[in-house]
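Below you'll find the structure, written out as structure tokens, and then a few comments.
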Amino acid sequence: MNHTILAIESSCDDTSASIIKNGKILSNIIETQEVHREWGGIVPELASRSHQQKIVPVVDMAFKKAGISKSEIDAVAFTRGPGLIGSLMVGSSFAKGLALALDVPLIAVHHMQAHILAHFIDNPQPKFPFLCLTVSGGHTQIVKVSYFDQFKIIGSTLDDAAGEAFDKTGKLLGLPYPGGPELDKLAKFGDKNKFKFTEPRVGGLDFSFSGVKSSVLYFLQKETKKNPDFIKENLNDLCASIQERIVSILIKKLKLASGNYQIKQLAIAGGVSANSSLRAQLQELEKYGYEVFLPDFQYCVDNAGMIARTASFLYENKIFAGHNVEPLARWSL
Ligand code: KG4
Ligand code: ZN
């Protein structure tokens, strides 16, 4: 691995830049956009504007922290998709311009592939094949990973993603956006067995989370009619019980997949992999002969470090993009 790459991630609401040198991440700068909080969700137009403002300082900071100059770069990588088209446009246009100016190749990276390959940044690293539960705001999938570019989706959500389930139930509880990390924090002081929410009946390896959201909604409507302060008085227990339901669904399906495919190496990726209960419950599985891989927190959320690591796989295999490459809002693995 003899190369230095600048990578840019701008698929959603984080502007991020990273430098990787000979397979080692030297910097991973992540600027999360705060502008969406007051709107209770991501406003695409505001996201692209914010990327536009932040991209130059974030890239400068990535170079500075890495102690690398622009002339040392062998390639520029960027997230091609999937994501918000306006946000992707900012990162891809910037990457194209810089690659052209420096006369170096361009590398187009798949965002979900990068979440999975984040497992090859630090040690210990899984060996192929392994199973990866990819859980983010837009995705919930179980992926059989046979090689750095060979994926088979063996289970996926039929409706909401796991991150959406956290965010939507968080909203019902009056938590600020995004609900996932807030709910995780509050759940630490709650009783996860206090309330029971419906477990969806979905066969095989697929998931469903819309029923969890409805079950929480109807329960809260019923209880707040009797006691308007119900949520306030039970907030920690509600968070812990909701989290337990979502996490138990994820773990159950991952264990089922492991049995079906006879693969005991289990990994998680995507924003929800930062969830402390999911991490703890997965780690518990090590007692039963599973090998569990949990990425460092900075590589769970959207970050350019994972784009950089994926780009180094692509660079070694000489997989470059033409300068006419277009970002893709939708792009399957
Ligand atoms: O991968 P990501 O940063 O962006 C997407 O590509 O979607 O994932 C964002 C999702 C959000 O739904 C957020 O609520 C969730 O990840 N999330 C969490 C936690 N941290 C982030 N969900 C539960 N617990 C957390 N600690
Ligand atoms: Zn993501």
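All values below come from the heavy atoms of this structure, side chains included, with hydrogens, waters and symmetry mates left out. What you see is a predicted model, and the numbers here were worked out from it, not measured in a lab. Whatever order the structure lists them in is the order used to number ligands and atoms, beginning at 1.
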Got an N/O contact under 3.5 Å between D302 and ligand 1?
yes

Does the residue C12 have a heavy-atom contact with ligand 1, meaning some pair of atoms that are separated by less than 4.0 Å?
no

Tightest non-hydrogen contact, residues T79 and S10, listed as OG1-N, 4.3 Å

Consider every N or O of C300 and every N or O of ligand 1, then say whether any pair is closer than 3.5 Å.
no

For the residue pair S208 / D159, report whether a side-chain donor-acceptor contact shorter than 3.5 Å exists.
yes

Between S273 and C300, is there a donor-acceptor pair closer than 3.5 Å when you use the side chain of the first and the backbone of the second?
no

Separation of I307 CD1 from L6 CG (nearest 0.5 Å)
11.5 Å

Other members of the hydrophobic cluster containing V35, with the 4.5 Å side-chain heavy-atom rule, please.
W39, V43, L46

Nearest option to atom 25 (C) of ligand 1, as decided by whichever heavy atom of D184, I30, I246 sits closest
D184

Under 3.5 Å, is there a donor-acceptor pair between the side chain of Q33 and the main chain of A47?
yes

H115 neighbourhood, listing ligand 1 atoms whose heavy-atom distance to it stays under 4.0 Å
1 (O)

Atom 12 (O) of ligand 1: closest protein heavy atom, distance to 0.1 Å, is D167 OD2, 2.6 Å

Angle class for the F195/F219 ring planes (parallel below 30°, perpendicular above 60°, tilted otherwise)?
tilted

Taking 4.0 Å as the limit for heavy-atom contacts, which would you say applies to N275 with ligand 1: side chain only, backbone only, both, or neither?
both

Atoms of ligand 1 less than 4.0 Å from G138 heavy atoms?
7 (O)

Once you restrict to heavy atoms under 4.0 Å, what part of H139 touches ligand 1? Side chain, backbone, both or neither.
neither

With a cut-off of 2.8 Å, which protein N/O/S atoms are close to the Zn ion (ligand 2), if we only count those under it?
H111 NE2, H115 NE2, D302 OD1

Any donor-acceptor pair under 3.5 Å from D160 side chain to F209 backbone
no

Residues E244 and S241: side-chain donor-acceptor under 3.5 angstrom:
no

Check whether K96 reaches the backbone of V325 with its side chain - one donor and one acceptor, N or O, closer than 3.5 Å.
yes

Sub-4.0 Å atoms of ligand 1 with respect to non-hydrogen atoms of G271:
1 (O), 2 (P), 3 (O), 8 (O), 16 (O), 17 (N), 18 (C), 19 (C), 20 (N), 21 (C)

Atom 10 (C) of ligand 1 - nearest protein heavy atom and its distance
G137 N, 3.5 Å

Under 6.0 Å between the ring centres of F94 and F78?
no

Side chain, backbone, both or neither: H111 near ligand 1, heavy atoms under 4.0 Å
side chain

Are any of the N/O atoms in D14 less than 3.5 Å from those in ligand 1?
no

Evaluate the ring planes of H110 and W331, with Trp represented by its six-membered ring, and classify them as parallel (under 30°), tilted (30 to 60°) or perpendicular (over 60°).
tilted

Describe, in one word, how the ring planes of F120 and F130 are oriented to each other, choosing from parallel (under 30°), tilted (30 to 60°) and perpendicular (over 60°).
tilted

So is R279 actually on top of F297's ring, under 6.0 Å and inside 45° of the axis?
yes

In this structure, atom 15 (C) of ligand 1 is nearest to the protein heavy atom V272 CG2, 3.9 Å

Under 6.0 Å between ring centres, would you say that holds for Y147 and F313?
no

With the threshold set at under 4.0 angstrom, would you say K185 reaches ligand 1 through any of its heavy atoms?
no

Proximal atoms of ligand 1 relative to P178 (non-hydrogen, under 4.0 Å)
14 (O)

Using distance alone, determine whether F166 and ligand 1 share an N or O pair under 3.5 Å.
no

Using a strict cut-off of 4.0 Å, indicate which atoms of ligand 1 neighbour a heavy atom of G180.
14 (O), 18 (C), 19 (C), 22 (N), 23 (C), 24 (N), 25 (C)

Close-contact set for ligand 1 against G163 heavy atoms, below 4.0 Å:
12 (O)

